[in-house]
K.L.:
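Right, I'll just put the structure down here and ask away after.
Positions are given from 1, in the same order as the sequence printed here. Just the heavy atoms: all of them, side chains too, but no hydrogens, waters or symmetry mates, feed the values below.
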Amino acid sequence: MKTTEPKWWHSAIGYQIYPKSFQDTNHDGIGDIAGITRRLDHLTDLGVDVVWISPVNLSPMMDHGYDISDYYQIDPSFGTNEDFSELLHKAGEKGIKILMDLVINHTSTEHPWFKAAMADLNSEFADYYVIKEGRENGAPPNNWRSMFGGSAWEKITGTDNKFYLHLFTVGQPDLNWENPKLRQKLYEIIRYWLDQGVAGFRIDAIAHIKKLYEEANLPADGPDGLVTTWEHYRNACGIGEFLGEMRDETFAGSDVLTIAEMDVPDPAHWEEYFGGNGYFSSIFDFYHTPYTIQDEKYQEDPAAFVDLLKRDLYKKQVLANDRVFFTNFLENHDLSRMPDRLIPQADIGFGSITAWSMMYFFLRGIPVIYQGQEIGMRDYPKDSIDGYLDLATHNSYQDYLLRGYTPEAALAKINRECRENSRTPMQWDDSDFAGFSDTTPWFAVNPNYPQLNVAQQAATPDSLLAFFKKITALRKSEKLASLTVYGRTIPVLQEVSGLVAYYREREGSRLVVIANLTATACQIPVKKAINEPLLNNQPELTQTKSYIELQPYQSVIWHETGGESLDT
C-alpha cells in the first residue's frame, strides 16, 4: 500500500483541545467534556473535521492528566464516560472525528498496577515498571536526568536500595515495555477506546518506551551532576519491535488515524515509522519548536530566524514528497503562543499572524490549529514564579537559579518559553472569566480577553477568526484538493531572506504560496502578471510587468495552470 492511496485523514484539518482550559459547564472552573460538546458549532464553522483532545482519563493531575490512574474511566473533573460517548455521537453528527491522547510510556503512581508493585516488589506488577537496584552508596542507579528536572530515579519507600524510573515527573513511573504481558494490557486499552468509537490517537511520549539501561554514570552536563542522554531513551535501538507489534495488534486493518509525538531524524526510516505500512499514520514535525525569535541573537536580525526555520522546513517537505504526511502545527499545549514565539513583539498583529498561518497551512501534511490560535491568543507573562502551577515550570526555574541566573532573569526566561502560556482558559467573550466559566478558573485568564475573544471576532468581518475560516475553506476547496492534499512541495526563491515561498504541484497544476515573514517590504521578480490571488492577507497586491511587491508580512496564494509566473 502506497502512502498516496487516499485516506480520509489526508485532507483533514485538525484542532487540538486542552480540555481543562476549553469550556467549563459544571461551574467548577475546570473545562469539561460537555464544554467541548457545547462548542462543536465553533469547530464546524472553523472548518475543523478532526479534534485531538488532551488526556481526559482518570488522573491525580500531577501532570494535568498525562499521569493516568485508570485508562478506562473519564476523570470526574471532565465528566463521565457517558459524557464522552455523547461527545463522540454529537461530533459524528457534525462530521467531526475525535482523537484521544494515548499516554502509554508511563502511568500515574496512583494506578492500581503501580500500587500493587509497591506493595510487593516480588509480584507480577513490579515487572510492569522499570525498577533497578541503586548504587552501593545509596545513590540512584545512574545519573540520568528527568525531562522535568532532577534525577530520573525515585527511591522506593520501605526498601533498602530500590528505585523506579520516571523520565517525567516523580508521579509518572515509566512502564516496562520489555514485559510482553504489560504490552498486551496496553493493547487491550487501545482496542477498548477504538471500540467506543474514537477515530484514532495522538500518542504521547511514544519515542521513550524503549530504554537502553546503562549502569555507569555518564559525564554530567550541568551543575546538578546529572545528564540528559537521549540515545538511551529516545528512539532507542530496538524500539521498532515494540511499535510494530502495537500496530499489528491494534491499528492494522482499521481505518484509524495515529499521530505519534516523536521525531524521526533519519529520512531513510520515515516509511518505517509513518505512512502506509508504517507504525503510525503520521508524526508531528518539530522543526520550529526548539527556537524562539525572542532569543537575543535574533533581536537585530529577525530575518535570520525565519531563514533558520525555513531551511529545515524546506528539507523535510521536499523529502516527504510522494512518501509521507507530517502533521504541521505552530502551537500546542507544550509551547508558548505562536505570536510571541515567532514574531518580534513590535510586529505582532493581524498581518504577521495571518502570514505565518497561511505559510504553514498549505504545506504537505495535516494542518492542526491549537485552541485559541484562531483568534490570536497571546502569552500571559507573570510577575512572580508563584503565578505558575506546572511542576515542570518550577523545576526549570530552580534549574536556571542553579545555573547562575538571577531570580529576575530566570523568571524572564520562564515567561518567554513556559508551556503554561498556552494553557490559559479559552477566551470566548468579554464576560467575567472570558466566558470560559462563571467562577474563578483553575488557571488565570489572560487579562487581554475583553479585547481579544471569539464573540468579538465572530461579529467582525475582517477579524483574524474570519480570516482563519478563509484559510480552512481554501484548504478544503474541492477544486484544489488534488494540490492542497497530494501536491508536491517545491521550494522557490530560497535565496530571499525572510521569505518562505513554495509551490504545491500536481499534474500540471500549481498552487503558489508566498509569505513575507518580516517587517520589510520585498520585490519578487515575475515573468508575467499573476492570477487573481485566491487569498491575500492585505487589501491589495502591488505588481508591475517585472515584479510583485510584498508589503511587510504580506502573504499571497494563487493558482496557475500555465507557465510559471515567478521568475525563479
Side-chain angles (χ1 to χ4, degrees), residues 16 18 20-22 29-31 54 63-64 148-149 288-300 302 305 329-353 356-357 370-428 430 432-437 440-454 456-457 464 519:
Q16 183 194 354
Y18 191 71
K20 287 186 75 169
S21 297
F22 193 62
I30 298 172
S54 289
D63 188 28
H64 305 281
F148 284 1
H288 58 90
T289 58
Y291 309 107
T292 172
I293 202 165
Q294 295 196 49
D295 281 350
E296 186 174 346
K297 57 187 172 183
Y298 301 119
Q299 296 306 301
E300 299 302 320
F305 175 76
F329 67 100
L330 294 181
E331 294 190 14
N332 69 20
H333 68 291
D334 278 334
L335 295 170
S336 55
R337 288 287 184 176
M338 180 274 283
D340 298 275
R341 199 175 78 257
L342 301 182
I343 303 169
Q345 290 291 305
D347 297 346
I348 295 174
F350 177 90
S352 55
I353 294 173
W356 275 96
S357 301
Y370 178 71
Q371 65 182 50
Q373 180 184 344
E374 69 271 31
I375 59 170
M377 282 181 64
R378 300 285 303 278
D379 288 355
Y380 178 19
K382 305 297 190 294
D383 296 329
S384 164
I385 191 63
D386 295 333
Y388 291 110
L389 305 178
D390 192 16
L391 178 62
T393 301
H394 286 264
N395 285 348
S396 293
Y397 178 77
Q398 293 300 322
D399 182 64
Y400 293 142
L401 296 179
L402 189 62
R403 292 173 182 267
Y405 285 72
T406 65
E408 294 76 17
L411 180 61
K413 192 166 177 61
I414 291 295
N415 279 334
R416 287 196 303 272
E417 65 188 27
C418 172
R419 67 181 187 168
E420 289 183 84
N421 280 313
S422 62
R423 301 182 180 188
T424 57
M426 183 72 176
Q427 296 166 206
W428 293 107
D430 63 0
D432 290 346
F433 310 120
F436 163 74
S437 179
T440 303
W442 73 277
F443 194 37
V445 179
N446 193 316
N448 68 5
Y449 77 87
Q451 299 79 40
L452 197 162
N453 60 73
V454 171
Q456 183 271 332
Q457 293 196 19
L464 179 60

K.L.:
Among residues at least two apart in sequence or on other chains, which ones pass ring pair (Phe, Tyr, Trp, His ring centres under 6.0 Å) with Phe443?
P.N.:
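Counting only residues at least two positions away or on another chain, Phe443 forms no ring pair (Phe, Tyr, Trp, His ring centres under 6.0 Å).
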K.L.:
Using the ring pair (Phe, Tyr, Trp, His ring centres under 6.0 Å) criterion, which residues pair with Phe436? Sequence neighbours excluded.
P.N.:
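Ring pair (Phe, Tyr, Trp, His ring centres under 6.0 Å) check on Phe436 returns nothing, list empty.
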K.L.:
What residues form a side chain to side chain contact (heavy atoms under 4.5 Å, CB included) with Thr393, not counting sequence neighbours?
P.N.:
Ile385, Tyr388, Asp390, Ile414, Cys418, Glu420
K.L.:
Kindly state each residue pair satisfying salt bridge (Lys or Arg N to Asp or Glu O under 4.0 Å) with at least one member in residues 376-389, sequence neighbours excluded.
P.N.:
Asp340-Arg378
K.L.:
Going by the rule side chain to side chain contact (heavy atoms under 4.5 Å, CB included), which residues pair with Ser54 if we only count those two or more places apart in sequence or in a different chain?
P.N.:
Gln16, Tyr18, Pro19, Trp52, Tyr66, Asp101, His333
K.L.:
Does Tyr449 have any side chain to side chain contact (heavy atoms under 4.5 Å, CB included) partners at least two apart in sequence or in another chain, and if so, which?
P.N.:
Gln427, Ala434, Val445
K.L.:
With salt bridge (Lys or Arg N to Asp or Glu O under 4.0 Å) as the criterion, how do Lys413 and Asp295 come out once you've worked through the C-alpha distance, each side chain's angles and the decisive distance to 0.1 Å?
P.N.:
CA-CA 10 Å; Lys413 192 166 177 61; Asp295 281 350; 5.5 Å; no
K.L.:
For Trp442, which residues count as a side chain to side chain donor-acceptor pair (under 3.5 Å) partner, sequence neighbours excluded?
P.N.:
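In terms of side chain to side chain donor-acceptor pair (under 3.5 Å), with neighbours along the sequence ignored, Trp442 is linked to Ser21.
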K.L.:
Hey, can you pull the donor-acceptor pairs under 3.5 Å for the side chains in residues 405-412, sequence neighbours left out?
P.N.:
residue : atom : partner : partner atom : Å
Thr406  : OG1  : Ala409  : N            : 3.0

K.L.:
Is a side-chain donor or acceptor of Arg341 paired with a backbone partner of Ser336 at a separation under 3.5 angstrom?
P.N.:
yes
K.L.:
Using only atom types and a distance under 3.5 Å, with no angle test, would you say the side chain of Arg423 pairs donor to acceptor with the backbone of Asp334?
P.N.:
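Checked: no pair found.
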K.L.:
Using a 6.0 Å cut-off, check whether atom CD of Gln345 has over 12 heavy atoms from anything other than its own residue.
P.N.:
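Atom CD in Gln345 is packed in, count exceeds 12.
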K.L.:
For Leu391, enumerate each residue passing the side chain to side chain contact (heavy atoms under 4.5 Å, CB included) test, keeping only those at least two apart in sequence or located in another chain.
P.N.:
Thr169, Asn395
K.L.:
Could you tell me which residues satisfy ring pair (Phe, Tyr, Trp, His ring centres under 6.0 Å) with Phe329, sequence neighbours excluded, listed by chain and number?
P.N.:
Phe284, Phe286, His288
K.L.:
Apply salt bridge (charged side-chain N to carboxylate O under 4.0 Å, His left out) to Arg403 and list each qualifying residue two or more places apart in sequence or on a separate chain.
P.N.:
Asp399
K.L.:
Would you say the ring centroid of Trp428 lies under 6.0 angstrom from that of Phe433?
P.N.:
no
K.L.:
Using the salt bridge (charged side-chain N to carboxylate O under 4.0 Å, His left out) criterion, which residues pair with Asp63? Sequence neighbours excluded.
P.N.:
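In terms of salt bridge (charged side-chain N to carboxylate O under 4.0 Å, His left out), with neighbours along the sequence ignored, Asp63 is linked to Arg419.
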